[in-house]
There are 2 protein chains.
Amino acid sequence: MPESEQIDSLQAREKILATASRLFSEQGYENTSLAQVARQAKVSKALIFWHFDSKEKLYRSALRKTLEPYFIDVDGLEGLGEREQIERLIDLFYDFVHENVDSVRFFLNLTLQVDRQQDEVLGRVQELYRVFRKSLAEIFESGRRHGVFRDGTQPEREAGLIMAALAGLLIQHFRSDGSPDDARDLIEHLKTTLFQRLLVPAVGSTPAGRP
Amino acid sequence: MPESEQIDSLQAREKILATASRLFSEQGYENTSLAQVARQAKVSKALIFWHFDSKEKLYRSALRKTLEPYFIDVDGLEGLGEREQIERLIDLFYDFVHENVDSVRFFLNLTLQVDRQQDEVLGRVQELYRVFRKSLAEIFESGRRHGVFRDGTQPEREAGLIMAALAGLLIQHFRSDGSPDDARDLIEHLKTTLFQRLLVPAVGSTPAGRP
DNA sequence: GTCTATATACAGATAGAC
DNA sequence: GTCTATCTGTATATAGAC
């Protein structure tokens with residue numbers, strides 16, 4: 001069996017997958033027909049079935065492909081102070097969303113669909129969400145122990161609030177009139193107020209209203 | 001023309017509308033067939049077309065009906081202090097969402113769909129969002145002028161941050177594993193930290209410090 | 001107004017040639 | 001592996017009787 005055939009096969013398969021991922025992300029599952037995928041990938045409908053058996057299986061494969069860039073890069077955090085780590089994670093989240101608007105929108109859509117709630121891929125996204133939140137909480141905890149953050153700092157709650165704010169900015173970003181500037185601005189405001197509240201003040205000055 | 005016919009007609013129309021509103025909210029537009037609406041409303045498919053001309057027009061009518069309970073009840077705010085007004089608005093938002101889970105989910109879905117972005121009904125929802133945010137900002141501004149909140153209070157940013165947090169809690173609420181307790185807890189944490197930051201601290205034992 | 005029966009279109013999926 | 005042609009189900013929408 002000559003290798004060129006194998007390669008061609010892979011190329012067609014990949015082309016279908018790439019096209020399907022894009023269309024599913026942009027239009028959703030129901031609004032994307034296999035005829036459309038076939039047309040844009042420049043293959044026949046039958047070939048899609050030969051490679052993926054059914055629309056549902058193509059969908060799952062496409063989801064997996066879309067999910068590839070979804071991971072948390074914690075390498076850049078080493079050696080940073082707790083405050084900087086928090087800021088870095090917030091920025092990472094923000095940047096990632098802006099680099100993957102379509103697929104983020106898509107996964108957010110999935111999250112809102114009752115019948116897709118058990119999807120394994122959706123489960124992975126939600127796990128990322130949990131990991132991200134847990135990382136934040138751990139950094140707050142570590143910062144509290146190291147005397148960077150106040151004694152009264154509640155790691156879980158602070159992490160939860162940050163995640164909520166980030167998720168909310170996401171929605172604002174998808175509203176047609178939500179300007180990116182507004183989001184950037186609120187991210188900065190979030191960071192400022194967060195650290196105003198939690199940072200242990202430099203020795204010599206007394207924080208207002210808090211012993 | 002006897003009145004009973006007129007009344008029967010309205011009843012059938014309303015029944016279709018109610019059924020359609022519920023199904024569209026629960027399942028979305030694409031996943032809801034007119035056959036299903038007809039079956040559950042106990043009428044024939046043809047009658048739906050007689051009343052609403054097309055699925056798209058039924059959809060728009062259903063959207064308008066779903067939107068009816070969407071308004072901001074500002075009556076209960078009269079006479080309250082700024083802090084209480086803010087708390088009240090946050091609670092109103094939270095309660096409203098929990099009483100209208102399905103339709104809120106649906107409108108959130110709409111917000112995420114690129115092709116539905118120009119829908120007039122979606123526009124009304126987004127206007128409500130803006131009005132809510134504006135109300136919050138105005139209360140912060142008023143509170144700042146009255147010496148309730150710190151001088152440095154930034155009304156627009158505080159309002160934006162609250163809205164983001166609320167919208168984010170919304171998403172967490174729709175995730176299968178997002179417990180309602182967590183949301184309640186974060187709402188309280190949001191309020192606590194908000195006022196810790198912004199309230200002008202009480203002055204010692206004398207009430208004289210108030211301008 | 002409400003129905004049954006039907007037209008029309010297009011979706012996902014299969015058969016079989018090459 | 002890839003194609004064309006076709007099957008089958010189901011969706012929106014219409015025609016026409018009552």
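Quick note: numbers below take in every heavy atom, side chains included, and nothing from hydrogens, waters or symmetry partners. Chain letters run A, B, ... following the sequence lines, proteins first and then strands; every chain starts at 1.
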Interatomic distance, A:Arg13 CZ vs D:dT2 C1' [rounded to whole Å] = 15 Å
Of all the nucleotides listed (C:dC3, C:dG12, C:dA15), which has the minimum atom distance to the side chain of A:Lys55?
-> C:dG12
Take atom NZ of A:Lys45 and atom C1' of C:dA11, then tell me their distance rounded to the nearest Å.
-> 7 Å
Pull out every residue in residues 16-37 of chain B that has a heavy atom closer than 4.0 Å to any atom of DNA chain D, ordered by number, or say none.
-> B:Thr32, B:Ser33, B:Leu34
In whole angstroms, how far is the C1' atom of C:dT4 from the CH2 atom of B:Trp50?
-> 18 Å
Verify the neighbour count for atom CD of A:Glu78: are there more than 12 heavy atoms of other residues, nucleotides or ligands below 6.0 Å?
-> no
CZ of B:Phe49 versus C1' of C:dT4: gap in Å, rounded?
-> 15 Å
B:Phe52 CZ to C:dT2 P, straight-line distance once rounded to whole Å | 11 Å
Any donor and acceptor pair, going by atom type alone, linking the side chain of A:Arg83 with main-chain N or O of A:Phe195 inside 3.5 Å?
-> no
So, A:Glu120 and A:Arg64, do they make that salt bridge, N to O below 4.0 Å?
-> yes
Integer-rounded Å distance: D:dT12 P and B:Ile48 CD1 | 9 Å
Between A:Leu58 (CG) and C:dG12 (P), how many Å, whole number?
-> 10 Å
C:dA13, C:dC3, D:dG1: which one has an atom nearest the side-chain heavy atoms of B:Leu47?
-> C:dC3
B:Tyr59 OH to D:dT12 P, in whole Å, measures 14 Å
With a 3.5 Å cut-off and no angle check, do the side chains of A:Gln113 and B:Arg105 form a donor-acceptor pair?
-> no
Return the nearest nucleotide to the side chain of B:Ser44; candidates are C:dT4, D:dA13, D:dC3.
-> C:dT4
Aromatic ring proximity A:Phe96/A:Tyr70, centre distance under 6.0 Å = yes
So which nucleotide from C:dA15, C:dC3, C:dG12 ends up closest to the side chain of A:Ala46?
-> C:dA15
Answer yes or no: is there an ion pair linking A:Arg124 with A:Glu127, defined by an N-O contact shorter than 4.0 Å?
-> no
Taking NZ, NE, NH1 and NH2 as the nitrogens, is one of them in A:Asp91 or A:Arg184 under 4.0 Å from a carboxylate oxygen of the other?
-> yes
